[in-house]
Student: 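Mind looking over this structure? Questions follow.
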2 protein chains.
Amino acid sequence: MKVPKISEAVVKRLPVYLRYLNSLKAMNVRTVSSHQLGEALDLNPAQIRKDLAYFGEFGRKGIGYEVNYLVEKIKSILKLDRQVNVLLVGAGHLGHAISNYNAYLKDNMKIISIFDADPMKVGKKIANLTIQPLEELAQTVKEKDIRIGIIAVPADAAQSVVEHLVDAGVAGILNFAPTNLRVPEWVRVHDADVTMELHSLAYYL
Amino acid sequence: MKVPKISEAVVKRLPVYLRYLNSLKAMNVRTVSSHQLGEALDLNPAQIRKDLAYFGEFGRKGIGYEVNYLVEKIKSILKLDRQVNVLLVGAGHLGHAISNYNAYLKDNMKIISIFDADPMKVGKKIANLTIQPLEELAQTVKEKDIRIGIIAVPADAAQSVVEHLVDAGVAGILNFAPTNLRVPEWVRVHDADVTMELHSLAYYL
DNA sequence: TAGATTGTTAATCGATTAACAATC
DNA sequence: TAGATTGTTAATCGATTAACAATC
């Protein structure tokens with residue numbers, strides 16, 4: 001699989017394809033065309049073909065794409081063909097909600113540790129995981145081969161948590177805190193601040 | 001304020017500017033230059049100036065932008081200078097977490113109603129709001145002038161909730177359900193599926 | 001005045017879409 | 001064979017960045 005510099009926009013669409021293809025798979029659909037995908041996902045069929053073609057020739061001319069095969073290919077592109085371990089920092093309301101996402105993540109991705117700075121919370125269990133103190137973060141990341149961290153702490157604690165995560169060697173961060181994180185350029189951050197989404201939605205009213 | 005067709009990318013950055021400007025305001029910073037903003041937010045200063053210039057001349061040559069003034073201007077562009085009422089559908093873990101976001105939303109945006117399809121949950125309170133049955137949704141939207149709906153229900157219930165919301169006249173939807181929603185073209189949907197974000201993050205490992 | 005910084009135009013860069021030969 | 005659909009090139013469209021006159 002060659003990598004001719006894939007744009008962020010393409011990478012963001014791959015999970016959308018995967019999600020829909022999984023639903024087709026569940027419905028025992030054998031093949032699907034770029035036109036059908038475009039119709040269902042509100043995307044241009046040429047764009048879908050081009051996105052997929054960056055990674056290989058997955059379709060058959062005159063036929064379309066074999067659903068099961070394409071699912072496996074996209075999983076492998078997203079590195080979801082191997083185990084991806086995730087940790088969560090912040091055991092508040094949001095952290096509690098996120099810790100229940102394992103059912104949806106499936107596909108070899110799993111939240112396997114939860115941390116909180118509050119000594120009152122340490123030792124308690126949520127979603128079958130025992131809340132650990134931040135001091136144990138670095139060691140746990142190493143021992144359990146954790147690659148992604150989710151930040152669900154207040155804004156004023158977020159940057160310090162990021163530094164823990166970066167030092168521990170995490171490569172990707174999903175940030176729910178309403179603040180701009182500073183990270184070295186080899187760490188990838190995706191922002192998921194709910195207030196941000198609602199504020200931009202307000203523009204279109 | 002003229003509207004020369006503002007791109008989605010610009011609209012997504014406005015709340016980022018607002019968030020940072022609010023933090024400057026809290027620190028009693030008077031003025032800020034596009035260069036300083038770019039430095040803090042990891043954006044090109046020319047882009048920031050251009051984004052703001054779509055909506056008016058908010059800065060002063062040789063000086064920069066007056067923080068308090070720019071905050072008010074961006075609020076007004078995002079229509080956060082008037083009351084924006086929001087409802088939430090889904091009182092599960094995620095709904096519970098989201099219902100606590102009112103503190104962050106401030107700026108005239110507020111979640112004022114919560115709905116759930118489960119009769120066992122109806123009548124219970126979360127975050128000071130009483131959970132209502134879906135049957136009351138349409139009437140509540142009208143009575144309370146609700147403009148935005150947040151969907152925090154399972155994927156298989158999401159499309160039916162969307163139709164309730166669209167029929168009721170909601171203009172914007174923030175969708176946490178892991179599914180592609182179908183809406184008429186005058187309704188705006190922002191997707192916020194956590195699994196999607198984590199899956200795209202995995203690509204960069 | 002000299003230095004700083006905006007608003008804006010022009011240049012560049014990148015992403016989306018159309019078109020079509022190849023082929024199932 | 002005729003119709004359908006891919007992979008890919010070329011054309012279009014749009015967004016970002018550089019540059020600079022205006023001006024505080």
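A, B, ... follow the sequence lines: proteins, then strands. Residue 1 opens every chain. Heavy atoms only: backbone and side chains are in, while hydrogens, waters and symmetry mates are out.
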Student: Suppose we screen for side-chain hydrogen bond (donor to acceptor under 3.5 Å, both in side chains). Which residues come up paired with A/Q159, at least two apart in sequence or across chains?
Tutor: A/E163

Student: Output the distance between atom CE (A/M196) and atom CG (B/L14), rounded to the nearest 0.5 Å.
Tutor: 10.5 Å

Student: Can you sort out which residues in residues 27-47 of chain A have a heavy atom within less than 4.0 Å of DNA chain C? Ascending by number, please.
Tutor: A/N44, A/A46, A/Q47

Student: So how far is it from B/L21 CG to B/S23 OG, rounded to the nearest 0.5 Å?
Tutor: 7.5 Å

Student: Out of curiosity, A/I98 CD1 to B/H93 NE2, how far, rounded to the nearest 0.5 Å?
Tutor: 12.5 Å

Student: Residues in side-chain hydrogen bond (donor to acceptor under 3.5 Å, both in side chains) with B/R19, at least two apart?
Tutor: A/N180, A/D193

Student: Any base atoms under 4.0 Å from A/R49, or only sugar-phosphate, or nothing? Heavy atoms, all strands.
Tutor: base

Student: What's the separation between atom CG in B/N128 and atom CD1 in B/I112, rounded to the nearest 0.5 Å?
Tutor: 14.0 Å

Student: Which two nucleotides bound the region of DNA chain D that has atoms under 4.0 Å from heavy atoms of chain B, read 5' to 3'?
Tutor: D/dA15 to D/dC24

Student: Go nucleotide by nucleotide along DNA chain C from the 5' end; which of A/I63 and A/V10 gets its closest nucleotide reached first?
Tutor: A/V10

Student: Counting runs of three or more consecutive pairs, Watson-Crick or G-U wobble, with each distance below 3.5 Å, where are the stems of DNA chain D?
Tutor: C:3-24 with D:3-24

Student: Could you tell me whether A/R188 and A/E8 have a side-chain N and a carboxylate O separated by less than 4.0 Å?
Tutor: yes

Student: Throw together a table of side-chain donor-acceptor distances under 3.5 angstrom for residues 57-65 of chain B, partners on residues two or more places apart or in other chains.
Tutor:
none

Student: Rounded to the nearest 0.5 Å, how far does CG of B/L134 lie from CG of B/D118?
Tutor: 10.5 Å

Student: Distance from B/R147 atom CZ to A/L201 atom CG, nearest 0.5 Å?
Tutor: 11.0 Å

Student: Find which nucleotide of DNA chain C each of A/R60 and A/A9 is nearest to by heavy atoms, and output the residue with the more 5' nucleotide.
Tutor: A/A9

